[in-house]
Amino acid sequence: MADNVIQLPRPQSTRPEMEPLGLYLRVGRNQHRDLLDVLSSGERNFHGLVIDAGNVKRHGDLLSRALKEGLDVALDPKTHAMALPGGFSSSMTNLPWGLERHHNIRDFAGDAGRQVAHRISEFAQEHNFTQILGPTHLLSGPNDPWLRHDIGNMAALKYHLQNSSTNIELIYPLAVSMRVLRNFAERRALIAAISDAPMDALWLRVENFGMDATGEKTVAYIEAARDFHALGIPIVADHVGGLCGLGLVASGSVGGLSHGITLLETFKANHWRRPQKSGGATPATRVYIPRLDVHLKKTDADAFLRSSTRTRGRFGCTDTHCCPGGISDMLGNPTRHFVHQKSEQMSSIAGIPESVRVQEYLDRYVRPISDDVSAAAGLKTISDQLKTALNKKQKTLGRYRQTFAHFAEADAPETVARRPKLRSERD
(Lines give C-alpha, C1' and ligand atoms only; values in the text may rest on other atoms or scores of the structure.)
Protein backbone atom coordinates (compact mmCIF):
# COMPACT_ATOMS: atom_id res chain seq x y z
CA MET A 1 0.00 0.00 0.00
CA ALA A 2 2.83 2.35 0.90
CA ASP A 3 4.25 1.96 -2.61
CA ASN A 4 1.12 3.63 -4.00
CA VAL A 5 1.46 6.72 -1.81
CA ILE A 6 2.74 9.82 -3.60
CA GLN A 7 4.71 11.99 -1.18
CA LEU A 8 3.93 15.69 -1.49
CA PRO A 9 6.82 18.14 -1.22
CA ARG A 10 7.72 18.81 2.38
CA PRO A 11 7.06 22.28 3.77
CA GLN A 12 10.08 24.57 3.51
CA SER A 13 10.42 24.61 7.31
CA THR A 14 10.92 20.83 7.44
CA ARG A 15 13.48 20.55 4.63
CA PRO A 16 17.17 20.30 5.48
CA GLU A 17 18.78 23.73 5.32
CA MET A 18 21.28 24.45 2.57
CA GLU A 19 24.79 25.11 3.87
CA PRO A 20 25.74 28.50 2.39
CA LEU A 21 29.10 28.99 0.74
CA GLY A 22 31.17 31.85 2.07
CA LEU A 23 30.83 35.24 0.38
CA TYR A 24 32.68 38.29 1.74
CA LEU A 25 32.45 41.69 0.08
CA ARG A 26 35.37 44.09 0.19
CA VAL A 27 34.04 47.62 0.63
CA GLY A 28 35.53 50.29 -1.61
CA ARG A 29 36.25 53.72 -0.18
CA ASN A 30 33.09 55.29 -1.63
CA GLN A 31 30.76 52.28 -1.56
CA HIS A 32 29.59 52.50 2.05
CA ARG A 33 26.46 54.57 1.38
CA ASP A 34 25.26 52.27 -1.38
CA LEU A 35 25.87 49.24 0.84
CA LEU A 36 23.88 50.85 3.64
CA ASP A 37 20.96 51.10 1.19
CA VAL A 38 21.49 47.45 0.24
CA LEU A 39 21.29 46.32 3.87
CA SER A 40 18.29 48.57 4.48
CA SER A 41 16.48 46.87 1.60
CA GLY A 42 16.85 43.48 3.33
CA GLU A 43 19.66 42.09 1.17
CA ARG A 44 22.04 40.19 3.46
CA ASN A 45 22.48 36.81 1.81
CA PHE A 46 26.24 36.81 2.29
CA HIS A 47 28.69 36.19 5.13
CA GLY A 48 30.17 39.58 5.75
CA LEU A 49 32.13 42.68 4.78
CA VAL A 50 35.86 43.41 4.68
CA ILE A 51 36.79 46.96 5.65
CA ASP A 52 40.23 48.53 5.19
CA ALA A 53 41.72 49.89 8.41
CA GLY A 54 42.11 53.35 6.87
CA ASN A 55 38.38 53.56 6.10
CA VAL A 56 37.02 52.56 9.52
CA LYS A 57 35.79 56.03 10.52
CA ARG A 58 34.43 56.72 7.05
CA HIS A 59 32.56 53.38 7.08
CA GLY A 60 31.47 53.59 10.72
CA ASP A 61 27.71 53.63 10.05
CA LEU A 62 28.00 50.70 7.65
CA LEU A 63 30.05 48.73 10.17
CA SER A 64 27.43 49.29 12.87
CA ARG A 65 24.56 48.34 10.56
CA ALA A 66 26.30 45.17 9.38
CA LEU A 67 26.87 44.08 12.97
CA LYS A 68 23.22 44.75 13.78
CA GLU A 69 22.20 42.58 10.81
CA GLY A 70 24.31 39.68 12.13
CA LEU A 71 27.01 39.87 9.46
CA ASP A 72 30.71 39.40 10.03
CA VAL A 73 32.89 42.47 9.64
CA ALA A 74 36.55 41.70 8.97
CA LEU A 75 39.39 44.16 9.51
CA ASP A 76 42.07 44.31 6.83
CA PRO A 77 45.10 45.95 8.50
CA LYS A 78 46.70 46.48 5.05
CA THR A 79 50.07 45.02 6.07
CA HIS A 80 50.56 43.54 2.59
CA ALA A 81 50.42 46.94 0.91
CA MET A 82 52.17 48.80 3.73
CA ALA A 83 55.35 46.75 3.31
CA LEU A 84 55.94 47.81 -0.30
CA PRO A 85 56.85 51.29 -1.59
CA GLY A 86 53.95 51.59 -4.04
CA GLY A 87 51.40 50.13 -1.62
CA PHE A 88 52.18 52.57 1.15
CA SER A 89 50.38 55.91 1.21
CA SER A 90 50.60 58.88 3.56
CA SER A 91 47.14 58.11 4.98
CA MET A 92 48.50 54.86 6.43
CA THR A 93 50.75 56.90 8.71
CA ASN A 94 47.72 57.61 10.90
CA LEU A 95 47.08 53.94 11.71
CA PRO A 96 48.28 52.80 15.15
CA TRP A 97 50.78 50.47 13.44
CA GLY A 98 51.67 52.94 10.67
CA LEU A 99 55.00 54.74 10.19
CA GLU A 100 56.21 57.70 8.13
CA ARG A 101 57.50 55.20 5.57
CA HIS A 102 56.60 51.75 4.28
CA HIS A 103 57.28 48.84 6.63
CA ASN A 104 60.37 46.69 6.50
CA ILE A 105 61.04 43.33 8.07
CA ARG A 106 62.65 44.86 11.19
CA ASP A 107 59.33 46.51 12.03
CA PHE A 108 57.83 43.03 12.52
CA ALA A 109 60.73 41.30 14.26
CA GLY A 110 60.60 40.33 17.94
CA ASP A 111 59.06 42.90 20.30
CA ALA A 112 58.35 45.30 17.42
CA GLY A 113 56.16 42.69 15.71
CA ARG A 114 54.37 41.87 18.93
CA GLN A 115 53.61 45.56 19.40
CA VAL A 116 52.05 45.66 15.92
CA ALA A 117 49.92 42.64 16.81
CA HIS A 118 48.83 44.29 20.07
CA ARG A 119 47.83 47.52 18.32
CA ILE A 120 45.84 45.67 15.66
CA SER A 121 44.06 43.67 18.38
CA GLU A 122 43.13 46.83 20.32
CA PHE A 123 41.97 48.60 17.13
CA ALA A 124 39.75 45.67 16.13
CA GLN A 125 38.18 45.46 19.58
CA GLU A 126 37.64 49.22 19.81
CA HIS A 127 35.67 49.18 16.55
CA ASN A 128 33.80 45.91 17.27
CA PHE A 129 35.18 43.87 14.37
CA THR A 130 34.26 40.18 14.44
CA GLN A 131 37.20 38.98 12.32
CA ILE A 132 40.78 40.09 11.63
CA LEU A 133 42.96 39.38 8.64
CA GLY A 134 46.29 38.77 10.38
CA PRO A 135 49.41 40.94 9.88
CA THR A 136 51.05 38.84 7.15
CA HIS A 137 52.95 39.81 4.00
CA LEU A 138 53.33 38.97 0.32
CA LEU A 139 55.77 36.04 0.14
CA SER A 140 58.28 35.06 -2.53
CA GLY A 141 58.15 31.45 -1.32
CA PRO A 142 58.57 29.23 1.77
CA ASN A 143 62.10 30.57 2.38
CA ASP A 144 60.99 34.20 2.45
CA PRO A 145 62.20 35.74 5.75
CA TRP A 146 58.79 37.40 6.20
CA LEU A 147 57.17 33.99 6.77
CA ARG A 148 58.75 33.29 10.16
CA HIS A 149 57.78 36.73 11.46
CA ASP A 150 54.25 36.40 10.06
CA ILE A 151 53.68 33.13 11.92
CA GLY A 152 55.10 34.58 15.13
CA ASN A 153 52.94 37.68 14.90
CA MET A 154 49.82 35.62 14.20
CA ALA A 155 50.57 33.87 17.50
CA ALA A 156 51.07 37.23 19.23
CA LEU A 157 47.76 38.51 17.85
CA LYS A 158 45.97 35.35 18.99
CA TYR A 159 47.50 35.77 22.46
CA HIS A 160 46.15 39.32 22.77
CA LEU A 161 42.71 38.27 21.56
CA GLN A 162 42.52 35.39 24.02
CA ASN A 163 43.60 37.59 26.93
CA SER A 164 40.84 40.05 26.10
CA SER A 165 38.19 37.27 26.16
CA THR A 166 36.95 38.32 22.74
CA ASN A 167 35.25 36.14 20.13
CA ILE A 168 37.06 37.75 17.20
CA GLU A 169 38.05 35.17 14.57
CA LEU A 170 41.60 35.21 13.24
CA ILE A 171 42.12 34.75 9.49
CA TYR A 172 45.50 33.89 7.98
CA PRO A 173 45.89 35.76 4.64
CA LEU A 174 48.48 33.79 2.66
CA ALA A 175 49.69 35.86 -0.30
CA VAL A 176 51.92 34.18 -2.88
CA SER A 177 52.53 34.17 -6.62
CA MET A 178 50.89 31.68 -8.95
CA ARG A 179 54.33 30.21 -9.59
CA VAL A 180 54.74 29.36 -5.90
CA LEU A 181 51.21 27.96 -5.64
CA ARG A 182 51.82 25.68 -8.62
CA ASN A 183 55.14 24.35 -7.30
CA PHE A 184 54.42 21.15 -5.38
CA ALA A 185 57.49 21.29 -3.12
CA GLU A 186 57.13 24.98 -2.27
CA ARG A 187 53.39 24.61 -1.68
CA ARG A 188 53.86 21.68 0.69
CA ALA A 189 56.63 23.55 2.53
CA LEU A 190 54.30 26.52 3.05
CA ILE A 191 51.51 24.28 4.34
CA ALA A 192 53.90 22.60 6.77
CA ALA A 193 55.22 25.97 7.95
CA ILE A 194 51.81 27.51 8.69
CA SER A 195 50.18 24.34 10.04
CA ASP A 196 50.95 25.35 13.63
CA ALA A 197 50.02 29.01 13.19
CA PRO A 198 46.84 30.03 15.03
CA MET A 199 44.01 30.65 12.57
CA ASP A 200 40.29 30.06 12.24
CA ALA A 201 40.39 30.26 8.44
CA LEU A 202 42.87 30.60 5.60
CA TRP A 203 42.38 33.16 2.83
CA LEU A 204 44.43 32.47 -0.30
CA ARG A 205 45.52 35.60 -2.17
CA VAL A 206 47.32 34.56 -5.35
CA GLU A 207 49.09 37.20 -7.40
CA ASN A 208 47.84 37.69 -10.96
CA PHE A 209 44.92 35.34 -10.45
CA GLY A 210 41.25 36.28 -10.48
CA MET A 211 38.10 36.62 -12.53
CA ASP A 212 39.84 36.59 -15.93
CA ALA A 213 41.99 33.52 -15.24
CA THR A 214 42.32 30.97 -18.02
CA GLY A 215 40.89 27.49 -17.68
CA GLU A 216 44.37 25.99 -17.30
CA LYS A 217 45.26 28.45 -14.54
CA THR A 218 41.96 27.84 -12.76
CA VAL A 219 42.42 24.06 -12.79
CA ALA A 220 45.97 24.51 -11.47
CA TYR A 221 44.60 26.67 -8.62
CA ILE A 222 41.93 24.04 -7.82
CA GLU A 223 44.47 21.22 -7.63
CA ALA A 224 46.84 23.28 -5.49
CA ALA A 225 44.15 24.60 -3.14
CA ARG A 226 43.06 21.06 -2.31
CA ASP A 227 46.40 20.46 -0.57
CA PHE A 228 45.43 23.15 1.96
CA HIS A 229 42.41 21.07 3.04
CA ALA A 230 44.85 19.18 5.29
CA LEU A 231 44.82 22.22 7.60
CA GLY A 232 41.25 21.31 8.57
CA ILE A 233 39.93 24.88 8.44
CA PRO A 234 37.78 26.87 5.97
CA ILE A 235 39.59 28.01 2.82
CA VAL A 236 38.53 31.22 1.06
CA ALA A 237 39.78 32.48 -2.32
CA ASP A 238 40.56 36.16 -1.75
CA HIS A 239 40.31 38.72 -4.56
CA VAL A 240 38.67 36.17 -6.86
CA GLY A 241 35.34 36.78 -8.58
CA GLY A 242 33.55 36.14 -11.82
CA LEU A 243 33.09 32.83 -13.59
CA CYS A 244 36.46 31.64 -12.29
CA GLY A 245 35.44 32.21 -8.66
CA LEU A 246 32.25 30.20 -9.14
CA GLY A 247 34.36 27.41 -10.61
CA LEU A 248 36.55 27.31 -7.50
CA VAL A 249 33.60 26.88 -5.12
CA ALA A 250 31.82 24.46 -7.48
CA SER A 251 34.91 22.24 -7.51
CA GLY A 252 35.03 22.19 -3.70
CA SER A 253 38.62 23.48 -3.71
CA VAL A 254 37.58 26.46 -1.58
CA GLY A 255 34.59 27.02 0.67
CA GLY A 256 34.10 30.69 -0.11
CA LEU A 257 35.11 33.82 -2.01
CA SER A 258 36.14 37.33 -1.02
CA HIS A 259 36.18 40.15 -3.56
CA GLY A 260 35.18 43.73 -4.13
CA ILE A 261 31.96 45.11 -5.56
CA THR A 262 32.74 45.15 -9.32
CA LEU A 263 36.35 45.80 -8.24
CA LEU A 264 39.20 43.80 -6.64
CA GLU A 265 38.20 40.54 -8.30
CA THR A 266 41.80 39.85 -9.30
CA PHE A 267 44.85 40.23 -7.05
CA LYS A 268 47.62 42.31 -8.61
CA ALA A 269 50.57 43.57 -6.60
CA ASN A 270 53.14 44.61 -9.20
CA HIS A 271 52.24 48.28 -8.80
CA TRP A 272 53.02 47.98 -5.06
CA ARG A 273 56.65 47.22 -5.88
CA ARG A 274 57.20 50.55 -7.62
CA PRO A 275 57.30 53.89 -5.78
CA GLN A 276 53.90 55.54 -5.83
CA LYS A 277 53.74 58.51 -8.20
CA SER A 278 50.38 59.87 -7.11
CA GLY A 279 47.33 58.83 -5.13
CA GLY A 280 45.14 58.48 -8.22
CA ALA A 281 41.37 58.64 -8.37
CA THR A 282 39.23 56.14 -6.47
CA PRO A 283 37.68 53.82 -9.08
CA ALA A 284 33.91 54.04 -9.42
CA THR A 285 31.52 51.11 -9.07
CA ARG A 286 30.87 49.58 -12.47
CA VAL A 287 27.77 47.88 -13.86
CA TYR A 288 27.71 44.09 -13.78
CA ILE A 289 26.29 42.27 -16.82
CA PRO A 290 25.70 38.71 -15.45
CA ARG A 291 25.02 37.06 -18.81
CA LEU A 292 28.41 38.24 -20.08
CA ASP A 293 30.35 38.07 -16.79
CA VAL A 294 31.73 41.56 -17.41
CA HIS A 295 31.79 44.92 -15.65
CA LEU A 296 31.28 48.09 -17.67
CA LYS A 297 31.56 51.76 -16.82
CA LYS A 298 28.11 53.28 -16.39
CA THR A 299 28.31 55.24 -19.63
CA ASP A 300 29.44 52.17 -21.57
CA ALA A 301 26.80 49.96 -19.94
CA ASP A 302 24.10 52.51 -20.73
CA ALA A 303 25.16 52.70 -24.38
CA PHE A 304 25.33 48.90 -24.65
CA LEU A 305 21.99 48.12 -22.99
CA ARG A 306 20.12 50.83 -24.89
CA SER A 307 21.76 50.04 -28.24
CA SER A 308 18.76 47.97 -29.33
CA THR A 309 15.55 46.40 -28.03
CA ARG A 310 17.10 42.97 -28.52
CA THR A 311 20.17 43.87 -26.46
CA ARG A 312 18.08 45.41 -23.69
CA GLY A 313 15.83 42.34 -23.53
CA ARG A 314 18.65 39.80 -23.53
CA PHE A 315 21.22 41.46 -21.29
CA GLY A 316 19.22 43.85 -19.09
CA CYS A 317 18.38 42.69 -15.55
CA THR A 318 14.83 41.40 -15.11
CA ASP A 319 15.22 40.35 -11.46
CA THR A 320 12.72 42.46 -9.51
CA HIS A 321 14.55 41.79 -6.22
CA CYS A 322 17.42 44.05 -7.23
CA CYS A 323 16.13 45.90 -10.31
CA PRO A 324 12.35 46.35 -10.17
CA GLY A 325 12.74 49.16 -12.70
CA GLY A 326 14.77 47.05 -15.11
CA ILE A 327 17.86 48.60 -16.65
CA SER A 328 17.14 51.97 -15.00
CA ASP A 329 17.79 50.36 -11.59
CA MET A 330 20.63 48.27 -12.98
CA LEU A 331 22.39 51.45 -14.07
CA GLY A 332 21.18 53.63 -11.20
CA ASN A 333 22.08 51.28 -8.35
CA PRO A 334 24.85 48.96 -9.60
CA THR A 335 25.89 48.02 -6.05
CA ARG A 336 22.50 46.55 -5.14
CA HIS A 337 22.33 44.76 -8.50
CA PHE A 338 25.81 43.26 -8.11
CA VAL A 339 25.39 42.15 -4.49
CA HIS A 340 22.07 40.43 -5.17
CA GLN A 341 23.25 38.72 -8.35
CA LYS A 342 26.46 37.44 -6.72
CA SER A 343 24.55 36.22 -3.68
CA GLU A 344 22.12 34.38 -5.93
CA GLN A 345 24.94 32.75 -7.89
CA MET A 346 26.59 31.48 -4.71
CA SER A 347 23.26 30.21 -3.37
CA SER A 348 22.63 28.45 -6.67
CA ILE A 349 25.98 26.62 -6.48
CA ALA A 350 25.44 25.76 -2.80
CA GLY A 351 22.05 24.23 -3.61
CA ILE A 352 23.55 21.70 -6.03
CA PRO A 353 24.65 18.29 -4.65
CA GLU A 354 28.44 18.23 -4.39
CA SER A 355 28.71 15.19 -6.66
CA VAL A 356 27.34 17.10 -9.68
CA ARG A 357 28.34 20.69 -8.91
CA VAL A 358 31.11 20.95 -11.49
CA GLN A 359 28.91 19.63 -14.29
CA GLU A 360 26.02 21.88 -13.26
CA TYR A 361 28.41 24.84 -13.09
CA LEU A 362 29.33 24.14 -16.71
CA ASP A 363 25.69 23.80 -17.78
CA ARG A 364 24.28 26.76 -15.81
CA TYR A 365 27.10 29.26 -16.17
CA VAL A 366 30.06 28.46 -18.44
CA ARG A 367 28.18 27.33 -21.54
CA PRO A 368 25.40 29.99 -21.43
CA ILE A 369 27.84 32.84 -20.76
CA SER A 370 30.16 31.61 -23.52
CA ASP A 371 27.22 31.56 -25.95
CA ASP A 372 25.99 34.99 -24.85
CA VAL A 373 29.43 36.56 -25.20
CA SER A 374 29.63 35.15 -28.72
CA ALA A 375 26.19 36.57 -29.55
CA ALA A 376 27.01 39.99 -28.05
CA ALA A 377 30.30 40.20 -29.93
CA GLY A 378 28.36 39.78 -33.17
CA LEU A 379 26.01 42.70 -32.54
CA LYS A 380 26.38 45.54 -35.04
CA THR A 381 25.00 48.17 -32.66
CA ILE A 382 27.77 48.06 -30.03
CA SER A 383 30.93 50.17 -29.93
CA ASP A 384 34.13 48.98 -31.60
CA GLN A 385 35.91 49.08 -28.23
CA LEU A 386 33.36 46.77 -26.61
CA LYS A 387 33.31 44.50 -29.67
CA THR A 388 37.09 44.08 -29.39
CA ALA A 389 36.86 43.30 -25.67
CA LEU A 390 34.07 40.76 -26.22
CA ASN A 391 35.90 39.06 -29.08
CA LYS A 392 38.92 38.65 -26.80
CA LYS A 393 36.73 37.30 -24.00
CA GLN A 394 35.02 34.94 -26.45
CA LYS A 395 38.35 33.31 -27.34
CA THR A 396 39.38 33.03 -23.69
CA LEU A 397 36.01 31.57 -22.69
CA GLY A 398 36.13 29.03 -25.50
CA ARG A 399 39.41 27.65 -24.18
CA TYR A 400 38.17 27.91 -20.58
CA ARG A 401 35.05 25.93 -21.49
CA GLN A 402 37.07 23.14 -23.13
CA THR A 403 39.61 22.92 -20.31
CA PHE A 404 37.01 22.86 -17.55
CA ALA A 405 34.88 20.29 -19.38
CA HIS A 406 37.90 17.98 -19.65
CA PHE A 407 38.68 18.60 -15.97
CA ALA A 408 35.08 17.75 -15.00
CA GLU A 409 35.26 14.40 -16.81
CA ALA A 410 38.48 13.32 -15.11
CA ASP A 411 38.09 14.91 -11.69
CA ALA A 412 37.61 12.69 -8.63
CA PRO A 413 38.28 14.86 -5.55
CA GLU A 414 39.16 13.12 -2.30
CA THR A 415 38.32 16.11 -0.12
CA VAL A 416 36.05 19.14 -0.15
CA ALA A 417 37.00 22.44 1.45
CA ARG A 418 35.29 23.36 4.68
CA ARG A 419 32.99 26.33 4.28
CA PRO A 420 33.22 29.35 6.60
CA LYS A 421 30.44 29.46 9.18
CA LEU A 422 28.05 32.36 9.34
CA ARG A 423 28.35 34.57 12.39
CA SER A 424 24.94 33.34 13.55
CA GLU A 425 26.15 29.74 13.37
CA ARG A 426 29.21 30.50 15.51
CA ASP A 427 27.19 32.44 18.06
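Numbers for residues simply follow the sequence, beginning at 1. Remember, predicted model here, so these are calculated numbers, not experimental data. Below, each value reflects all heavy atoms present in this structure, side chains not excepted, and no hydrogens, waters or symmetry copies.
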- prompt: Does a side-chain heavy-atom distance below 4.5 Å link Ser40 with Arg65?
  reply: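 Touching, per the 4.5 Å side-chain cut-off.
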message: With heavy-atom distances below 4.5 Å as the criterion, would you say the side chains of Ile132 and Ile120 are in contact?
response: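 Heavy-atom side-chain distance check passes, below 4.5 Å.
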Keeping the roles fixed (side chain from [X], backbone from [Y]), state whether a donor-acceptor pair exists under 3.5 Å.
X: Arg26; Y: Leu49; result: no
X: Arg187; Y: Leu181; result: yes
X: Thr136; Y: Asp150; result: no
X: Arg291; Y: Arg314; result: yes
X: Arg418; Y: Ile235; result: no

Restricting to side-chain contact (heavy atoms from CB on, under 4.5 Å), what partner residues turn up for [X], sequence neighbours left out?
X: Lys395; result: Arg399
X: Pro145; result: Ile105
X: Arg423; result: Leu67, Asp72, Thr130, Arg426, Asp427

message: With rounding to the nearest 0.5 angstrom, report the OH to NZ distance, Tyr400 to Lys217.
response: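 Between Tyr400 OH and Lys217 NZ, I get 12.5 Å after rounding to 0.5 Å.
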Could [X] and [Y] be called an ion pair, given the rule that one side-chain N must be under 4.0 Å from one carboxylate O?
X: Arg101; Y: Asp107; value: yes
X: Asp300; Y: Arg286; value: no
X: Arg336; Y: Asp37; value: no

Check the orientation of [X] and [Y]. Use parallel for under 30°, tilted for 30 to 60°, and perpendicular for over 60°.
X: His337; Y: Tyr288; value: tilted
X: His137; Y: His80; value: tilted
X: His321; Y: His340; value: parallel

- request: Please lay out, stage by stage, how Arg179 and Glu186 fare under the test salt bridge (Lys or Arg N to Asp or Glu O under 4.0 Å).
  value: CA-CA 9 Å; Arg179 181 199 65 77; Glu186 292 191 82; 2.8 Å; yes
